[in-house]
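Here the structure comes first, spelled out in structure tokens, and everything after it is commentary.
Throughout, a chain's letter reflects where its sequence line sits, starting with A, and its residues are numbered from 1. As the structure is a prediction and not an experimental result, all values here were calculated from the model. Side-chain atoms are counted along with the backbone in the values below, which use heavy atoms only and exclude waters and symmetry mates.
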Amino acid sequence: MSSPLQSVQGMSDIAAPDVRLWQRLEEIARATLARYGFEELRTPIVEFESVFTRSIGSTTDVVQKEMYVFEKGGRRLALRPEGTAGVMRYAAGLGPMETAGARWFYIGPMFRSERPQAGRRRQFHQCGVECLEPPSPLVDAEILALQVDLLRAWGLGECEVRLSTRGAGADAARVAEGLRDALAPREAELCEDCRRRINENVLRVLDCKQPACRAVVETLPEPTSFMDETSRTYLAQVAEHLDDLQVKHVRDPLLVRGLDYYEHTVWEITNSALGAQNAVAGGGRYRMELGGRELTGVGFAIGLERVVSVLQTLGRAEELLVPGAPLVWLVGLGDAAQRQNLSLMQSLRTAGLTCRMATGGSMKSQMRAANKAGAAWAVIRGDDELAGGVAALKNMETGEQANVPLAELAGKLTGAQK
RNA sequence: GUGGAUAUAGCUCAACUCGGUAGAGCACCAGAUUGUGGUUCUGGCUGUUGCGGGUUCAAAUCCCGUUAUCCACCCCA
């Protein structure tokens, strides 16, 4: 029986101290993305189901078995399983002039009903970008370089960029047909799944891990060999620009991306610090039709849980955190002092200080609380101090203590903070 | 969705194999001549053994179910 105290499977709370790392990662992301000219776009978490089925593809696993779908007021709604579809739904409602040079980014939760494991949650978080500028190898390279730049800014170590192309226009159909023809005589050698994939989604066969299937795949012609010259040239230019930008990458002709809307350049970034789910990020160029408008763009998504996981494995999470402001702890002896400390605490906060107090307990227990909270200063007041219009200010690190006139207290503390 | 492992105090774990109503460390709280934290010493508190059912005189322990967690497959970030 599920307890009302448990969170839903695969959906976890992010509490302190971890949440501080998340905040820092988001802060770094916003600063980095701003330098590339991206504006944040906050789209709803719930969309009409069709927004996803039409763009991601109704035969993909993400849509078929992983999407949270429900009905409300006779409408089929879904929790977003990824970010691009919602952004494109927004873009499709704008005029061509407004989308022409659009650069948007998003950070937020996504939902896929998969079995949780290392690096996989049912509610997970992605940071992604969408760039709707006219297709160009220059833009693709820039976006990929941005992604690598961001991963570096977060402090991830070695990441491997695998690059490929889906081909443009009719190429996708030609590749599928070419692969089917090549596979047809060898169907008997393939696993059950792959025999099904030949018709449903032939690219998936390339991705199969079964030894028998791999053996067959290795003898196949490269998918790019079925493509038009322009697709191959486009990929070569992207690779050249990446070299110019000193972004290391490897060609991986077998790279398959799961969503239907990709065309042209696609890539995936993996990190060896992760377990089986070693993809930390992915991206590519895409095209989709929504509401009678055709939209093309290039974008990426980064799995934040996986970034956090890499940083923790590498032991680099700690160094990302910036220390908080010094804490001032007010200690009061007796009801009168406690009451006046409440007001004093507020005025210190108005002066910009970070303050707390305990509402009860002996002086000893209040001092213990101050120490436990990591306070830098203790402001101590009892009857003597109240009568003298002073407070005893104690440096919790050195143990030094001196009486300070109330009027000078805030100035002294803010001065000590520098 | 499939498979394997796991679930005991706030945390990390012991007791389970060979049933006899749960222990340790850390943490927490309080004291150590009455207004001072961190170290030390002394004392104290803590559990529907995940949940539900079954077998038994007796279940943390054996059996079934269920929920969650971890890991892998599938797929993806």
Side-chain angles (χ1 to χ4, degrees), chain A residues 1-12 56 59-67 80-84 107-128 147 151 159 191-194 196-197 201 204 207-210 255-259 267-271 274-284 299-310 329 331-334 337 358 361-386 392-401:
Chain A
M1 196 174 75
S2 70
S3 156
L5 297 182
Q6 284 174 329
S7 63
V8 174
Q9 182 177 38
M11 307 200 179
S12 19
I56 298 170
T59 63
T60 57
D61 280 10
V62 167
V63 163
Q64 268 190 347
K65 17 185 255 195
E66 297 171 5
M67 204 153 70
R80 61 182 186 192
E82 56 95 61
T84 303
I107 302 177
M110 308 293 164
F111 302 83
R112 292 182 200 174
S113 179
E114 301 175 277
R115 191 78 163 264
Q117 73 183 74
R120 168 181 296 158
R121 316 260 72 209
R122 288 185 169 182
Q123 174 175 337
F124 61 106
H125 299 78
Q126 286 188 338
C127 172
Q147 194 174 19
L151 294 173
C159 289
C191 72
E192 195 185 330
D193 283 337
C194 283
R196 177 175 49 81
R197 285 168 180 145
N201 193 342
R204 282 259 150 266
D207 208 26
C208 187
K209 275 124 198 151
Q210 298 287 331
L255 176 68
V256 172
R257 303 280 301 155
L259 313 182
W267 66 85
E268 205 164 283
I269 303 181
T270 54
N271 189 291
L274 294 170
Q277 309 306 320
N278 65 350
V280 73
F300 66 66
I302 305 177
L304 292 180
E305 274 79 3
R306 294 186 184 178
V307 169
V308 168
S309 172
V310 171
W329 197 278
V331 174
L333 294 138
S362 65
M363 178 171 191
K364 196 188 207 40
S365 71
Q366 290 186 48
M367 288 299 291
R368 268 207 273 259
N371 186 63
K372 206 172 94 183
W377 301 95
V379 171
I380 304 162
R381 294 208 293 172
D383 292 341
D384 296 349
E385 286 79 6
L386 290 184
L393 179 61
K394 176 166 186 168
N395 182 318
M396 292 295 282
E397 199 182 334
T398 64
E400 287 167 31
Q401 181 173 329

**Prompt:** Hey, is the main chain of A/P109 close enough, under 3.5 Å, to the side chain of A/R80 for a donor-acceptor pair?
**Reply:** yes

**Asked** Taking atom P of B/C70 as reference, at what distance in whole Å does atom CD of A/Q117 sit?
**Response** 10 Å

**Item:** B/U6: pairing nucleotide in any strand, Watson-Crick or G-U under 3.5 angstrom
**Value:** B/A68

**Request:** Using only heavy-atom distances, decide whether a donor-acceptor pair under 3.5 angstrom links the side-chain of A/Q64 to the base of B/G1.
**Result:** no

**Request:** Look at the side chain of A/N371 and the base of B/G37, then say whether one donor and one acceptor between them are separated by less than 3.5 Å.
**Result:** yes

**Message:** Suppose we define a pair by two distances each less than 3.5 Å, Watson-Crick or G-U wobble; what does B/A22 pair with here?
**Reply:** none

**Request:** Look at the side chain of A/K394 and the base of B/G37, then say whether one donor and one acceptor between them are separated by less than 3.5 Å.
**Result:** yes

**Message:** For the CG atom on A/D383, are there more than 12 heavy atoms of other groups (residues, nucleotides or ligands in this structure) within a distance under 6.0 Å?
**Reply:** no

**Request:** Please answer whether the main-chain N or O of A/T84 pairs with a side-chain N or O of A/E82 as donor and acceptor at a distance below 3.5 Å.
**Result:** yes

**Message:** Is it the case that the base of B/A77 and the side chain of A/R112 share a donor-acceptor contact (distance under 3.5 Å, atom types as modelled)?
**Reply:** yes

**Message:** Tell me if the side-chain of A/R115 makes a donor-acceptor pair with the base of B/C73, cut-off 3.5 Å, by modelled atom types.
**Reply:** no

**Message:** Regarding B/U36, can its base be found pairing with the side chain of A/Q401 as donor and acceptor, where the two atoms are less than 3.5 Å apart?
**Reply:** yes

**A/Q366 side chain vs A/G361 backbone, donor-acceptor pair below 3.5 Å** = yes

**Distance in angstrom units between A/N278 CG and B/C71 P, rounded** = 14 Å

**Nearest-Å distance once atom C1' is located in both B/U49 and B/U61** = 10 Å

**Prompt:** Considering only the P atoms, how many Å lie between B/U69 and B/U8, rounded to the nearest integer?
**Reply:** 14 Å

**Asked** Is there a donor and acceptor pair closer than 3.5 Å between the side chain of A/Q277 and the base of B/A72?
**Response** no

**Request:** Quick one: label A/G128 by what it contacts on the DNA or RNA (base, sugar-phosphate, nothing), any heavy atom closer than 4.0 Å.
**Result:** nothing

**Watson-Crick or G-U wobble mate for B/C73, both contacts under 3.5 Å** = B/G1

**Item:** Sidechain-backbone polar pair: A/R381 side chain, A/V331 backbone, donor-acceptor under 3.5 Å
**Value:** no

**Asked** Using the P atom in both, what is the distance from B/C63 to B/U6, to the nearest Å?
**Response** 11 Å

